[in-house]
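Inspection log for the structure reproduced underneath, given as structure tokens.
All values below come from the heavy atoms of this structure, side chains included, with hydrogens, waters and symmetry mates left out.
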Amino acid sequence: MSYGKCWYSESKDVHAFMDVDHFRPKKSAKRSEDDTDDGYAWLAFDWENFRYSSQRSNRLSADEDTEETHGKGDWFPIMPNSKTATWADRCVAEERPLLLDPTRLEDVRLIEVKASGLMGPSRLCMGVAQRDRVNRSIKLLGLDLPGIVEARQVAMRAADALLNDVEKAVETADLLGEAGAILAENMPVVPKVLELQEMTRPKTPYAAAVRAQLRERGFAEYCLREEEMGH
């Protein structure tokens with residue numbers, strides 16, 4: 001379902017172990033710095049509570065530059081005025097988690113990759129409460145750590161290079177008039193467009209970053225449509 005990528009960061013590190021995160025922590029749940037409870041033991045073996053995750057997003061670790069701690073660990077804060085599920089009252093459906101859930105389309109739509117490669121609230125993110133969910137998720141899951149931002153930027157620069165080649169070919173063909181038809185047939189524009197589209201396929205690492213870059217430059221039509229995605 002996550003195409004072998006971390007469900008939170010879109011990374012696919014073949015040289016590191018991946019974790020299966022319990023979205024709702026099974027042993028203890030940290031609601032704030034001063035509030036921890038028994039968590040969600042009854043969901044320990046519930047596959048719907050599993051999220052395939054990179055270790056940097058799932059485990060607590062310190063940022064070498066800022067010394068800030070990142071990683072989800074046992075964190076599972078709840079929105080103000082939300083019910084909290086317990087062993088006695090397992091009202092999970094009535095909870096309002098602060099962390100974004102990558103399996104919920106409504107949550108995914110609240111966050112996007114910016115032109116800088118950093119994550120941030122999308123245009124669909126409305127109000128202080130939703131922006132707080134996005135910003136806290138970015139911090140707790142380590143979504144803007146330098147390594148992951150650099151990886152997004154690499155993907156975005158690769159998309160930029162392909163776009164520049166396509167634009168140059170189109171402009172050259174237009175300048176040549178009728179002779180441009182011959183040029184268009186012999187220049188590898190279509191393969192470059194197909195390569196761009198492949199970079200937006202959900203299974204590709206940092207596909208969201210590439211899609212964001214295409215939209216930023218006005219080439220959203222190069223993103224694969226849902227009916228074109230297949231597997």
Side-chain angles (χ1 to χ4, degrees), residues 1-16 18 21 51-54 56-58 99-126 130 133-135 137-138 141-174 184-185 187-231:
M1 293 174 70
S2 68
Y3 304 97
K5 302 188 298 183
C6 170
W7 227 327
Y8 301 116
S9 67
E10 276 206 302
S11 65
K12 189 175 184 180
D13 191 343
V14 296
H15 196 60
M18 301 289 274
D21 171 45
R51 306 289 184 270
Y52 194 57
S53 172
S54 67
R56 291 302 299 271
S57 287
N58 186 38
L99 287 176
L100 300 180
D101 184 350
T103 69
R104 286 173 52 87
L105 185 57
E106 309 96 289
D107 284 2
V108 174
R109 286 173 171 164
L110 298 179
I111 189 169
E112 67 180 10
V113 182
K114 301 299 184 180
S116 62
L118 298 171
M119 301 299 294
S122 73
R123 292 181 181 179
L124 297 176
C125 186
M126 297 178 288
Q130 288 190 346
R133 292 190 67 203
V134 170
N135 292 328
S137 296
I138 291 170
L141 297 171
L143 300 184
D144 276 349
L145 290 175
I148 195 73
V149 173
E150 182 179 355
R152 289 190 202 112
Q153 291 170 340
V154 168
M156 294 164 84
R157 285 196 295 269
D160 261 340
L162 288 169
L163 276 175
N164 291 339
D165 288 346
V166 171
E167 282 191 301
K168 184 176 179 180
V170 171
E171 290 171 1
T172 302
D174 286 343
E185 290 176 2
M187 291 190 73
V189 173
V190 172
K192 290 182 184 292
V193 172
L194 292 176
E195 186 177 351
L196 269 172
Q197 290 186 316
E198 192 64 25
M199 292 172 72
T200 70
R201 192 178 294 276
K203 69 180 182 181
T204 306
Y206 315 114
V210 174
R211 289 195 292 268
Q213 187 69 357
L214 292 176
R215 290 193 296 268
E216 177 74 15
R217 290 194 53 181
F219 289 91
E221 67 272 18
Y222 287 167
C223 296
L224 276 179
R225 296 187 295 271
E226 186 174 354
E227 63 270 20
E228 298 173 317
M229 289 185 181
H231 298 287

Query raised in the report: Tell me, do Lys203 and Glu198 make a side-chain contact under 4.5 Å, heavy atoms counted?
Result: yes

Requested in this report: Enter the distance from Arg133:CZ to Leu100:CG here, rounded to the nearest 0.5 Å.
Outcome: 5.0 Å

**Report entry** From CZ (Arg152) to OG (Ser9), nearest 0.5 Å
**Finding:** 7.5 Å

**Report entry** Gap separating the CD atom of Gln130 from the CD atom of Glu106, nearest 0.5 angstrom
**Finding:** 10.5 Å

Report summary line: Rounded to the nearest 0.5 angstrom, the CG-OH distance for Leu163 and Tyr222 is 7.0 Å

Requested in this report: Indicate yes or no: at least one non-hydrogen side-chain atom of Asn58 is less than 4.5 angstrom from one of Arg51.
Outcome: no

Query - Separation of Ile138 CD1 from Leu143 CG (nearest 0.5 Å) - result: 6.5 Å

Query raised in the report: With a 4.5 Å limit on heavy-atom distance, are the side chains of Val166 and Leu162 in contact?
Result: no

Report task. Looking only at non-hydrogen atoms, find the nearest pair between Met199 and Ala158 and report the distance. Result -> CE-CB, 3.9 Å

Query raised in the report: Side chains of Glu216 and Asp160: closer than 4.5 Å at any heavy-atom pair?
Result: no

**Report entry** Donor-acceptor pair, side chain of Lys114 and main chain of Pro121, under 3.5 angstrom
**Finding:** yes

Query raised in the report: Between atom CZ of Arg215 and atom CD of Glu112, what is the distance when rounded to the nearest 0.5 Å?
Result: 6.5 Å

Query - Verdict with reasoning, Arg211 to Leu214, per side-chain contact (heavy atoms from CB on, under 4.5 Å) - result: CA-CA 5 Å; Arg211 289 195 292 268; Leu214 292 176; 5.6 Å; no

Query - side-chain contact (heavy atoms from CB on, under 4.5 Å) between Leu110 and Arg104, worked out - result: CA-CA 10 Å; Leu110 298 179; Arg104 286 173 52 87; over 6 Å; no

Report task. Using side chain to side chain contact (heavy atoms under 4.5 Å, CB included) as the criterion, point out the one residue from Leu141, Ile148, Ile111 that pairs with Met119. Result -> Ile111

Query - Any side-chain heavy-atom pair of Val210 and Met156 under 4.5 Å - result: no

Query - Glu150, CD atom: more than 12 neighbouring heavy atoms under 6.0 Å - result: no

